[in-house]
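Model, not experiment: these values are computed from the prediction. First the proteins, then the strands, lettered A, B, ... as listed; each starts at 1.
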Amino acid sequence: MTNNILIYNTLSRTKEVFEPINAPFVGLYVCGPTVYSDVHLGNCRTFVSFDLIYRYLLHLGFKVRYVRNITDAGHLEGDRDEGDDKFAKKAKLEKLEPMEIVQKYTLGFHDVMRLFNALPPNIEPTATGHISEQIEMVKQIIDNGYAYEVNGTVYFDVEKYSKEHNYTLLTNRLLEDLLEGTRVLGGQDEKKGRLDFALWIKAKPEHIMHWPSPWSVGFPGWHIECSAMSNKYLGERFDIHGGGMDLAATHHTNEIAQSQACNHTQPVKYWMHTNMLTVNGTRMSKSAGNGFLPGELFTGQHPLLKRGYSPMAVRFFMLQAHYRSTLDFSNDALDASDKGFKRLMTAIALLNKLKPSGEKSGLDIQDLEKRCYAAMNDDFNSPVLLSELFEAVRFINSVYDGKAVVTESDLALLKKLMNNFVFDILGLQQEIPQSNDINKLMEFVIKLRNEAKAAKDYATSDKIRISLNEMGIQLKDNKEETSWSKI
RNA sequence: GGUCGGGUGGCCGAGUGGCUAGGCAGAGGUCUGCAAAACCUUUUACAGCGGUUCGAAUCCGCUCCUGACCUCCA
């Protein structure tokens with residue numbers, strides 16, 4: 001663990017050396033999905049990004065407690081803490097219990113994460129499972145004088161808070177400007193300040209999801225769950241809090257205010273924000289209707305898609321961009337990633353066929369390893385890591401072609417390196433299940449073809465090759481042997 | 001309007017002062033019965049205009065374009 005990791009901290013807007021509060025333990029909290037509908041690809045990008053970060057920290061030997069919540073209550077449709085609960089609305093629409101909605105989309109989310117080979121978090125707490133913790137936190141905030149109750153609803157007093165603390169430290173905006181932006185025309189607002197947000201909301205009669213509290217039968221505000229649950233599982237102050245950039249201005253700003261108001265301490269040392277996935281330069285989002293579901297992406301069943309792409313090709317596509325950059329989606333970009341991913345995987349499969357020789361390898365493997373770590377240490381720069389790994393790909397292919405040599409010790413090191421970085425850290429995996437049945441079958445077919453070739457019966461050998469090609473199997477002739485892969 | 005970003009070759013995407021990532025696509029070559037794969041070589045760059053510097057895609061200024069957030073969304 002001699003690596004110095006640099007992490008871009010939204011708080012300081014610079015890369016900072018990562019120093020865990022309690023090394024080797026690391027507390028990592030990531031805002032999870034609101035499970036009232038299917039996750040779309042943009043959501044997935046964030047979770048894949050943090051999966052990379054989690055995996056790398058684990059690889060380095062940190063004892064990471066990774067908490068990612070499931071928001072299953074309290075997230076309202078409209079702004080200003082009014083309107084319907086997202087779950088209740090969807091429940092009415094689908095004629096289901098709200099918790100059926102939650103269950104359905106939670107399971108769907110897990111399925112998708114599994115397809116993307118994202119490791120599950122250590123704890124995946126739900127808002128509904130932590131109502132009492134949220135109520136306790138709200139009580140404490142009221143006791144500390146930063147919240148007030150009106151007609152059974154509790155609001156956070158932003159203006160009071162901002163006199164003593166920097167409310168906008170994540171975004172650098174001026175409070176006055178915020179007030180400008182939220183000028184309310186309607187006069188029925190029961191909040192004291194325009195920026196105040198709800199910690200606890202009194203349920204209307206038609207509201208299905210509600211719990212008793214000291215103030216009313218109601219439900220928690222959206223932001224309080226993350227404060228309460230991160231506090232419970234990671235403590236008043238923990239290392240890394242992550243989420244999409246879109247959450248910084250409101251959700252995370254309010255999280256900080258709540259935790260600070262409750263515990264008198266800054267909850268998070270490093271705030272990390274992932275950038276958006278865009279389509280034609282515009283953010284993919286639920287409301288814009290330009291998002292597609294992972295299932296649609298895998299099958300290609302969407303007007304924007306010309307064909308389907310495998311989960312690993314998509315993961316590779318995401319890893320080819322840095323997590324803080326926007327990533328623009330297009331069929332061409334995914335085609336390129338798909339091919340690049342296959343090239344990487346093919347080379348790795350070739351590793352086991354390489355025969356070591358010589359005194360000195362054609363590539364400095366130790367130096368390559370250093371560069372790989374350097375890339376990841378620099379704010380988890382997976383695109384640079386991949387570019388280093390492709391240097392290894394070229395080398396592996398050259399050795400296989402007999403145009404370069406690798407020593408026995410370097411080959412072992414190379415295998416370890418590729419395994420560590422490609423599978424453990426980048427979280428990629430081979431997609432073709434190498435079942436014995438198909439392998440034996442292919443061995444047989446290849447043998448037939450090679451016999452035909454030996455007899456100069458090219459009509460037969462070409463027929464075999466072309467037919468296989470039409471079935472999606474590509475034969476690759478090498479000097480010594482013939483291998484195959486899926487196209 | 002405010003805050004924070006971005007404009008890199010055909011596409012995606014790294015890169016913050018000199019050594020000009022990477023993937024895909026294109027071109028030429030090697031290999032091959034053919035094809036593919038693989039390897040080697042290679043073309044089209046840093047929005048524009050000024051400035052700082054021996055030297056700028058990289059720093060500064062201005063202009064243009066564009067994105068996100070400020071209202072539910074990772």
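Not a single donor-acceptor pair, N or O on each side, falls under 3.5 Å between the base of B/G13 and the side chain of A/D328.
The nucleotide whose nearest atom lies closest to any side-chain atom of A/M284 is, among B/A68, B/A74, B/A35, B/A74. Among B/G15, B/A74, B/A36, the nucleotide with an atom closest to any side-chain atom of A/N381 is B/G15. Of the candidates B/C11, B/A36, B/A14, B/A36 carries the atom nearest the A/D477 side chain, counting heavy atoms from C-beta on. Checked against B/C34, B/C12, B/A74, the side chain of A/S330 finds its nearest nucleotide in B/C12. Nearest nucleotide to the A/K403 side chain, out of B/U30, B/A36, B/C12: B/U30. Taking the side chain of A/D401 as heavy atoms from C-beta on, and the options B/A38, B/A21, B/A37, the nearest nucleotide is B/A38. Closest contact between the side chain of A/A321 and the listed nucleotides B/C4, B/G23, B/A14 involves B/A14. Candidate nucleotides B/C11, B/A36, B/C34 were compared by shortest atom distance to the side chain of A/R449, and B/C34 ranks first. Residue A/D332 places its side chain closer to B/C11 than to any other of B/C70, B/C11, B/A74. Taking only side-chain atoms of A/S398, from C-beta outward, the nucleotide of B/A74, B/C11, B/C39 with the closest atom is B/C39.
Neither OP1 nor OP2 of B/A38 sits under 4.0 Å from any side-chain N or O of A/N397. Side-chain nitrogen and oxygen atoms of A/T250 include none within less than 4.0 Å of the OP1 or OP2 phosphate oxygen of B/U71.
Rounded to whole Å, atom C1' of B/C70 lies 13 Å from atom CG of A/N254. Rounded to a whole Å, the CD1 atom of A/I464 is 15 Å from the C1' atom of B/G33. Rounded to an integer number of Å, the gap from CZ of A/F317 to P of B/A14 is 11 Å.
The environment of A/Q366 atom CD is sparse: at most 12 non-hydrogen atoms of other residues, nucleotides or ligands sit within 6.0 angstrom. Remark: A/K342 NZ is packed, more than 12 non-hydrogen atoms of other residues, nucleotides or ligands lying under 6.0 Å away.
The stretch residues 339-351 of chain A touches RNA chain B through A/K339, A/G340, A/R343, each having a heavy atom within less than 4.0 Å of the strand.
Stacking is not found between A/F390 and the pyrimidine-like six-membered ring of the B/G23 base under the 5.5 Å centre-distance and 30° plane-angle cut-offs.
For the P atom pair drawn from B/G55 and B/G13, the interatomic distance equals 34 Å after rounding to whole Å. B/G28 and B/C19 are spaced 30 Å apart, taking the P atom of each and rounding to whole Å.
Partner A/H252 forms a ring-ring contact (aromatic ring centres under 6.0 Å, His included) with one of A/Y29, A/W271, A/Y167 and no other, that one being A/W271.
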Go through A/F47 and A/F109 one step at a time and tell me if the ring-ring contact (aromatic ring centres under 6.0 Å, His included) criterion holds. CA-CA 11 Å; A/F47 302 126; A/F109 172 62; 5.3 Å; yes

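Note on A/D335 versus A/K306: salt bridge recorded, some NZ/NE/NH1/NH2 to OD/OE distance being below 4.0 Å. Using a cut-off of 4.0 Å between Lys/Arg side-chain N and Asp/Glu carboxylate O, A/E443 and A/K447 are scored as not salt-bridged. With respect to A/R449 and A/D477, a salt bridge is recorded, a charged nitrogen being found less than 4.0 Å from a carboxylate O.
RNA chain B forms stems at B:1-7 with B:64-70, B:10-12 with B:22-24, B:26-30 with B:38-42, B:47-51 with B:59-63, each a run of 3 or more consecutive Watson-Crick or G-U wobble pairs whose two key distances fall under 3.5 Å.
Between A/Y54 and A/P120 the shortest heavy-atom distance is CE2-O, 4.1 Å.
In this structure, A/S325 reaches the sugar-phosphate backbone alone: every heavy-atom distance under 4.0 Å involves primed, P, OP1 or OP2 atoms, never a base.
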